[in-house]
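So the structure is just underneath, and the comments pick up after that.
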Amino acid sequence: MKNTYYITTTLPYVNAKPHIGFALEIVSADVLARANKLFGKEVFFNTGTDEHGLKILRKAEELGVSAQEYCNAQAKNFKSLRDLLNVEFDRFIRTTDADHKEAAQKFWKICDENGFIYKKNYKANYCVGCELEKTNSELVDGKCPDHPNAEIEIIEEENYFFKFSEFGERLLKMYKDNPDFVKPKKRFNEIISFVEQGLQDFSISRLKEKMPCGVEVPGDEKHVMYVWFDALVNYISTLGWPNEEENFKKWWPGVQFCGKDNLRQQSAMWQAMLMAANLPCSKKVYVNGFINIDGQKMSKSLGNVISPEEMVQRYGVDATRYLLLSMGSFGEDADINWARLDEKFNADLANGIGNLTSRVITLYKKAEFDLDFEKSKRKPFVDNIELEKSLDEGRFGDEITRIMKLVQELDRSIEQQKPWELIENEPEAFRESIEGLARGVYFIGLKLKPFMPETSESIVNSLEEKNKVKLFPRL
RNA sequence: CGCGGGGUGGAGCAGCUUGGUAGCUCGACUGGCUCAUAACCAGUAGGUCAUCGGUUCAAAUCCGGUCCCCGCAACCA
């Protein structure tokens with residue numbers, strides 16, 4: 001059995017700053033990566049940025065810089081999530097990287113040689129006011145909602161298409177053979193019924209003269225690839241495909257994490273593309289819900305945006321990770337606001353883990369003996385079926401709940417044992433009590449490692465060194 | 001009949017796949033405690049599980065109808 005674990009996030013499109021939803025995605029992937037390392041696997045964790053397409057071009061024009069300059073600045077922004085959220089990705093791939101572009105072209109060629117790419121006329125609605133193509137669903141009464149007085153022009157151009165329609169049966173069979181392919185289940189059902197309804201070929205190129213920001217179509221310099229087609233290839237180009245075959249085989253197939261808006265692209269389109277290129281499908285796709293603020297979608301116009309930076313500023317890195325992961329349940333939309341975040345921070349972290357650690361270390365410091373924690377070092381991650389199962393399902397919250405239960409049990413034990421009363425007259429009972437408590441907190445520290453790496457270290461260190469720490473100052 | 005998600009004590013949620021005493025966190029109230037970050041512990045109150053009907057010995061859970069909320073177009077995962 002392969003002892004490697006490859007996980008990737010989607011590549012966020014860089015026409016805006018890092019969104020809190022992506023923060024959740026990348027932290028979730030990081031937890032899976034860290035946990036699998038602790039399970040003893042060799043891990044490769046990929047993330048990066050999607051830097052092609054019309055929106056980016058326009059954004060750059062708006063700011064009066066070149067697309068590349070704009071993307072460079074944005075990539076830096078996204079890359080900084082590494083420090084901001086303490087995520088240990090192994091590669092930060094940019095779709096403008098030379099090796100990625102080459103891989104995308106190779107991928108295209110293979111699909112083409114296998115007969116899954118063809119050219120046909122493509123009709124689109126074009127709003128002169130926006131200077132943008134509009135889909136039918138974007139139009140209101142056949143007009144652009146932003147420019148109701150401007151006529152919609154029908155433009156026609158030749159595009160390359162991908163024969164998505166030929167993959168319905170094969171996708172359904174793959175789904176059937178892999179009953180855990182998409183998590184959670186309800187999203188799996190959704191994509192299955194989408195595929196069952198019949199698939200349509202999709203356009204995978206744009207005329208270069210109109211949209212120069214993209215990877216050139218091999219053998220046709222008039223076209224560039226539509227962003228989706230090249231961007232999805234990053235999941236394998238980051239592994240060195242097609243040149244480093246051994247490395248590719250070592251890691252692929254891998255696990256993917258995405259938001260619910262990406263369900264189709266990741267679990268159907270991309271899988272069909274892999275089939276078209278004779279490559280194995282992904283191993284699993286985790287699909288998370290969205291984060292809403294007070295029941296509403298986050299938006300600049302409503303002024304209710306909560307950014308990852310603001311959260312880290314207020315709560316610190318680990319607490320932000322914790323809050324992101326525990327505010328909702330996996331696969332469901334989460335509803336948050338600052339008051340609720342504060343509440344959760346105080347209850348679980350300040351009053352819970354922080355306070356417990358503090359009281360136990362104070363008691364332990366009163367003891368004349370030192371404990372040896374060495375032997376319990378790896379315990380929580382060896383044959384922990386319960387944890388493996390939760391992670392497999394994407395249910396990080398289950399493990400967090402278990403940890404919070406331990407906190408409560410220890411608080412309860414302290415109350416029952418009253419070690420501060422034993423210290424004078426019952427040294428044996430005192431010792432026994434303190435040992436149980438200290439080892440309990442140590443265990444919690446170890447268990448926290450994938451979720452809150454720094455806190456985990458602080459707890460472990462402070463017990464080993466018998467030093468008091470203040471973990472989460474109450475707000 | 002476009003597609004999908006949701007409606008569970010004051011708030012936020014779990015439970016629904018595989019029907020069988022309605023669970024968690026926060027908040028409120030009462031009492032206890034001092035080792036601790038005014039933290040912690042014990043206990044109390046509070047729910048006809050949107051609604052109507054069906055299946056069943058038994059429905060929050062399965063089936064059907066109705067009502068309401070939210071996404072699918074927007075900077076965005």
Side-chain angles (χ1 to χ4, degrees), chain A residues 9-26 28 55 59 130 134-140 144-146 184-191 193-194 197 257-266 287-292 294-301 305 307 326-329 331-337 339-340 342-344 346-366 395 397-398 400-401 404-405 407-408 410-423 433-434 437 468-475:
Chain A
T9 66
T10 53
L11 298 195
Y13 201 60
V14 296
N15 58 344
K17 280 194 173 169
H19 189 273
I20 194 172
F22 182 67
L24 171 60
E25 181 176 326
I26 199 170
S28 302
K55 283 186 188 169
K59 192 84 191 183
C130 305
K134 298 275 166 178
T135 62
N136 285 330
S137 59
E138 280 178 290
L139 300 179
V140 178
C144 167
D146 297 331
K185 188 91 182 168
K186 86 176 164 195
R187 295 264 102 94
F188 199 17
N189 293 338
E190 192 178 330
I191 197 65
S193 77
F194 167 72
Q197 281 166 30
F257 213 102
C258 69
K260 69 178 183 184
D261 59 334
N262 255 272
L263 176 67
R264 286 181 193 180
Q265 286 86 340
Q266 308 302 333
V287 185
N288 215 339
F290 283 174
I291 296 174
N292 296 320
D294 278 325
Q296 285 180 302
K297 207 167 174 179
M298 237 180 273
S299 82
K300 277 182 191 162
S301 50
V305 173
S307 74
S326 62
M327 283 311 286
S329 51
E332 301 294 325
D333 287 0
D335 192 23
I336 66 168
N337 57 43
R340 222 171 283 151
D342 281 3
E343 191 180 291
K344 187 91 177 152
N346 277 336
D348 291 3
L349 300 179
N351 300 349
I353 294 171
N355 182 55
L356 173 70
T357 305
S358 178
R359 63 195 300 207
V360 168
I361 288 179
T362 301
L363 288 165
Y364 178 38
K365 280 182 80 168
K366 292 181 179 176
R395 301 178 60 110
D398 288 1
I400 285 173
T401 303
M404 292 318 298
K405 263 217 165 71
V407 170
Q408 194 181 41
L410 288 176
D411 270 329
R412 222 170 262 169
S413 300
I414 299 177
E415 211 68 29
Q416 285 163 4
Q417 296 167 0
K418 302 189 200 304
W420 59 92
E421 287 178 3
L422 304 172
I423 192 161
S433 168
I434 295 304
L437 295 171
K468 188 154 177 166
V469 277
K470 181 138 183 169
L471 291 173
F472 302 102
R474 204 184 144 82
L475 289 170

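Chain letters run A, B, ... following the sequence lines, proteins first and then strands; every chain starts at 1. What you see below is based on every heavy atom in this structure, not just the backbone, and it leaves out hydrogens, waters and symmetry mates.
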Rounded distance in Å between the [atom1] positions of [N] and [M]:
| N | M | atom1 | value |
| --- | --- | --- | --- |
| rC52(B) | rA60(B) | C1' | 16 Å |
| rG47(B) | rC40(B) | P | 27 Å |
| rG10(B) | rG5(B) | C1' | 25 Å |
| rG7(B) | rC62(B) | P | 12 Å |
| rC67(B) | rG53(B) | C1' | 15 Å |
| rU56(B) | rG19(B) | P | 16 Å |
| rA73(B) | rG27(B) | P | 40 Å |

Sugar-phosphate only, base, or nothing, as touched by [X] at under 4.0 Å among non-hydrogen atoms:
| X | result |
| --- | --- |
| Leu24(A) | nothing |
| Gly259(A) | sugar-phosphate |
| Leu471(A) | base |
| Arg395(A) | sugar-phosphate |
| Thr362(A) | sugar-phosphate |
| Gln296(A) | nothing |
| Ala347(A) | sugar-phosphate |

Quiz prompt | Length of the line joining Lys405(A):NZ and rA14(B):P, which is rounded to integer Å | solution =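 Going from NZ in Lys405(A) over to P in rA14(B) covers 16 Å.
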Exercise. Taking atom CZ of Arg340(A) as the centre, report whether more than 12 heavy atoms of other residues, nucleotides or ligands fall under 6.0 Å from it.
Key: yes
Practice problem: If rG53(B) has a Watson-Crick or G-U wobble mate with both distances under 3.5 Å, name it; if not, just say none. | Solution: rC63(B)
Quiz prompt | Partner nucleotide, any strand, of rC40(B) [Watson-Crick/G-U, under 3.5 Å] | solution =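 For rC40(B), the partner nucleotide comes out as rG32(B), under the 3.5 Å rule.
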Exercise. Please state whether the phosphate of rA14(B), meaning OP1 or OP2, lies under 4.0 angstrom from any side-chain nitrogen or oxygen of Ser329(A).
Key: yes
Quiz item: Does Arg412(A) have a side-chain nitrogen or oxygen under 4.0 Å from the phosphate oxygens OP1 or OP2 of rC41(B)?
Solution: no
